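Model, not experiment: these values are computed from the prediction. By convention in this document, chain letters (A, B, ...) are assigned in the order of the sequence lines, proteins followed by strands, and residues within each chain are numbered from 1.
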Amino acid sequence: MKRHLLSAADLDLPDALLILDTAAELAAVADRPVKKLPTLRGRTVVNLFFEDSTRTRISFEAAAKRLSADVINFAAKGSSVSKGESLKDTALTLEAMGADAVVIRHSASGAPHRLATSGWIRGSVVNAGDGTHEHPTQALLDAFTMRRHLAGGVGDLAGLDVVIVGDVLHSRVARSNVLLLRTLGAKVTLIAPPTLLPVGVELWPCSVSYDLDSSLPTADVVMMLRVQRERMSAAYFPSAREYSRRYGLDVNRMKLLQPHTIVMHPGPMNRGMEIAAEVADSPRSVIVEQVTNGVSVRMAVLYLLLGGSELSDGSNGVPVSEGRPL
Amino acid sequence: MSFVLRNVRPLGGAEVDIRISAGRISAIELSGTIATDGAIEVLGAGMVLLPGLVDLHTHLREPGREDAETVETGTRAAALGGFTAVHAMANTDPVADTAGVVEQVWRLGRASGWCDVRPVGAVTLGLAGSQLAELGAMADSPAAVRVFSDDGKCVWDAVIMRRALEYVKAFDGVIAQHAQEPRLTEGAQMNEGAMSALLGLTGWPAVAEEAIIARDVLLTEHVRSRLHVCHVSTAGSVEIIRWAKSRGIDVTAEVTPHHLLLTDDLVATYDPRYKVNPPLRTAADVEALRDGLADGTIDAVATDHAPHPIEDKDCEWADASPGMLGLEDALAVVNTTMVESGRLDWAGVAARMSVAPAGIGRLSEHGRPIAVGEPANLVIFDPSASYVVDPNAGASRSRNNPYAGRELTGRVRATFLHGDPTVLDGELVARSNV
Ligand SMILES: [Zn+2]
């Protein structure tokens, strides 16, 4: 695996499986009375958030702390355009602090690539969501969740029918999921109004449909994406009500699902918009579990990016037996 | 001062000797037959001789952004690239929308002496698109402006565009349009297509360029004026312009070196060096542009040389300023993409990089035949010398060279401006020496 995790496309099948398997072993730690491993003691993980996302930051923070890393939270306001500190100067500051890994969240697509390839820092870069580009750890935690429920918690996701519904155009979650699910062998269908699909989506390794109802009966997973009401003002759809009627997952649509089908959402949800409260709170919903799994998957990513280097001398209590350095 | 150019090949033809005196070509004879007679000899060694290049689209940034470029540094870069005349774009600070500003730029060009500087006047006040600038005053000023453009901004309002096209007929002007429908390109970051979908960057659709060009050629036909289309970047634009020319509409068009060579897959690096407006397009567009340039649908190569200081590129893609350097490598790019592939001969290169742009800009001393009595605005080009582009080696004040690290073929060996060398042996000639 590469030194950075910038895109779900950075992961080939062995990499992806290694992360999922490692996450499964690390998940067991969460059940212990002491939820901490000494694995990354002395290592510094910086959470560099140019965009507010408390849930993602907390998840990475918990992951790093459970591996005993030192965590620095760096909430950078704005960007060079909005007269904040520039990405470059921020990066140089982090480098001076000796960051071993930088977890970056940014409103600009490609900001993690810039950080990783500009020569500003030496540490590993983990993309925690960049603009409308990607969010690879979200895709990993989604895959982890699907595997637990529908694949016995092991192996790949071959043959799984995954339906992703909503604002694909602006969704980093959708992009990362399409790439990772393809690697893991699942069959993906994107469903959205044509206005919320990017030009060029026809080249993606998935199918595309404008009709939700016809895709639901065969789905094993239905993943609802957040749709911002403000998209309405840019004429992506006529009204929240119409969107909800055509593309929202409500109780009636839920009845079309197979008994084993799970419902996912990356959060935060717009209840009543893309997903009805009854669906979000139903037994099919694994939305809360996605959050839990997020910590395990992010532990695995940090461990594999950082623990595989000079610290892995066998004395660090790593619970992974056959892990190879990524 | 007199010069004898030995063994040069005008437009790639047979080797001759050429004498330059009093700013003009005074003799063209068989190789080895012109006596030196106290003149300075320049050994051409079988290299290609072209009329000095003319750029229709140069951002010299002065006044206002002297941290990016000045008339002095920009024209040095022009001379090194083989240019003897450049059109300085109007989007300076203050905007070149008055006779005062265009005259200032014109005077700075005269003072620098590295090439002729022809200011482009803004079409509308402050490039704001709502009120015509004093086009007549700029035309009548010593700068004698003939090309008007709101480059960087599109004259999107159809009525303003119509009036501008009509108004400049009084002084043989031309409107050079940066064709970009503004609503279709709000927040646009790169070509809209497979790559923008993958990279999560807001798309700049080809139709936003093509729709404006289609509208403008029809307006031009209606009011019987003259239109020039800046930096054509899509296959569809080439088709529309081809159609317009077949109807006899007086439209000309330019393509940049970067749109002839680079494609939008480079954006996958998120390296803002590749951010430019209009954006890099697909390989199919590049093919159509090369075809259009070869068959004359596209009249001219124009650099859109757009210097930016390091901090404007050393950032996130979305925050970076669009634009690329172009003057110093333009001829090598055209050689690499058009001549080496057999699509254009040297007469064709002279037509597209000198004759046509000089004609569009109404320059009388440039784009002339290589003949006795003609002004000695000339460039000697070695078409076989390849080099790896080093952005730090350039004369531009900026470093945003999109070809950095790339190998290109062909180097400018000498440039003559009104009979005096600005470049010899590929190096600038100190102006005090001439
Ligand atoms: Zn332009």
Side-chain angles (χ1 to χ4, degrees), chain A residues 6-9 50 76 78-92 104 106-120 127 129-135 168-176 178-179 190 197-206 208 234-235, chain B residues 182-210 234 236 263-275 279-285 308-322 399-400 404-405:
Chain A
L6 306 177
S7 160
F50 282 86
S79 59
S80 54
V81 155
S82 54
K83 304 294 176 229
E85 191 173 27
S86 75
L87 179 62
K88 178 179 181 175
D89 288 327
T90 307
L92 296 176
I104 177 174
H106 202 294
S107 59
S109 299
H113 280 77
R114 291 292 285 153
L115 202 56
T117 58
S118 57
W120 300 328
N127 181 357
D130 62 328
T132 54
H133 178 225
E134 284 214 42
H135 194 356
V168 175
L169 178 62
H170 300 97
S171 175
R172 48 195 171 209
V173 176
R175 280 176 181 75
S176 287
V178 166
L179 292 167
L190 299 175
L197 290 164
V199 167
V201 74
E202 61 279 1
L203 298 173
W204 289 9
C206 61
V208 175
Chain B
R183 284 281 284 150
L184 283 172
T185 52
E186 277 171 19
Q189 297 292 328
M190 69 171 296
N191 178 49
E192 182 164 64
M195 287 308 294
S196 63
L198 206 59
L199 298 175
L201 290 170
T202 305
W204 198 131
V207 62
E209 175 173 310
E210 293 154 7
T234 77
T263 52
D264 68 346
D265 50 334
L266 290 166
V267 182
T269 60
Y270 290 100
D271 184 339
R273 250 185 332 138
Y274 300 118
K275 184 172 177 178
L280 299 179
R281 304 286 187 184
T282 67
D285 292 303
H308 289 291
I310 288 168
E311 63 272 20
D312 287 1
K313 288 286 190 182
D314 222 4
C315 56
E316 301 86 317
W317 179 276
D319 287 355
S321 302
R399 296 287 170 263
N400 53 309

Worksheet item: Crowded around B/I310 CD1? As in, over 12 foreign heavy atoms under 6.0 Å?
Response: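 Atom CD1 in B/I310 is not crowded, with 12 or fewer foreign heavy atoms closer than 6.0 Å.
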Quick one: pull up [atom1] in [X] and [atom2] in [Y] and give me the separation to the nearest 0.5 Å.
{"X": "B/W317", "Y": "A/H113", "atom1": "CH2", "atom2": "NE2", "answer": "12.5 Å"}
{"X": "A/D130", "Y": "B/Y270", "atom1": "CG", "atom2": "OH", "answer": "5.5 Å"}
{"X": "A/L203", "Y": "B/L198", "atom1": "CG", "atom2": "CG", "answer": "9.5 Å"}
{"X": "A/R114", "Y": "B/D319", "atom1": "CZ", "atom2": "CG", "answer": "10.5 Å"}

Worksheet item: Under the 3.5 angstrom rule, does the side chain of A/R175 hit a backbone N or O of B/L199 as a donor-acceptor pair?
Response: no
Minimum heavy-atom separation for [X] and [Y], please, with both atom names.
{"X": "A/T132", "Y": "B/L201", "answer": "OG1-N, 4.4 Å"}
{"X": "A/A108", "Y": "B/A318", "answer": "CB-CB, 4.3 Å"}
{"X": "A/H106", "Y": "B/E316", "answer": "NE2-OE2, 2.7 Å"}

Fill in: Top contributor to chain B contacts, counting heavy-atom pairs under 4.5 Å, from A/A111, A/G200, A/S109
A/S109
Item to complete: List for me each residue that meets salt bridge (charged side-chain N to carboxylate O under 4.0 Å, His left out) alongside B/E186, sequence neighbours excluded, and say none if there are none.
Response: B/R183
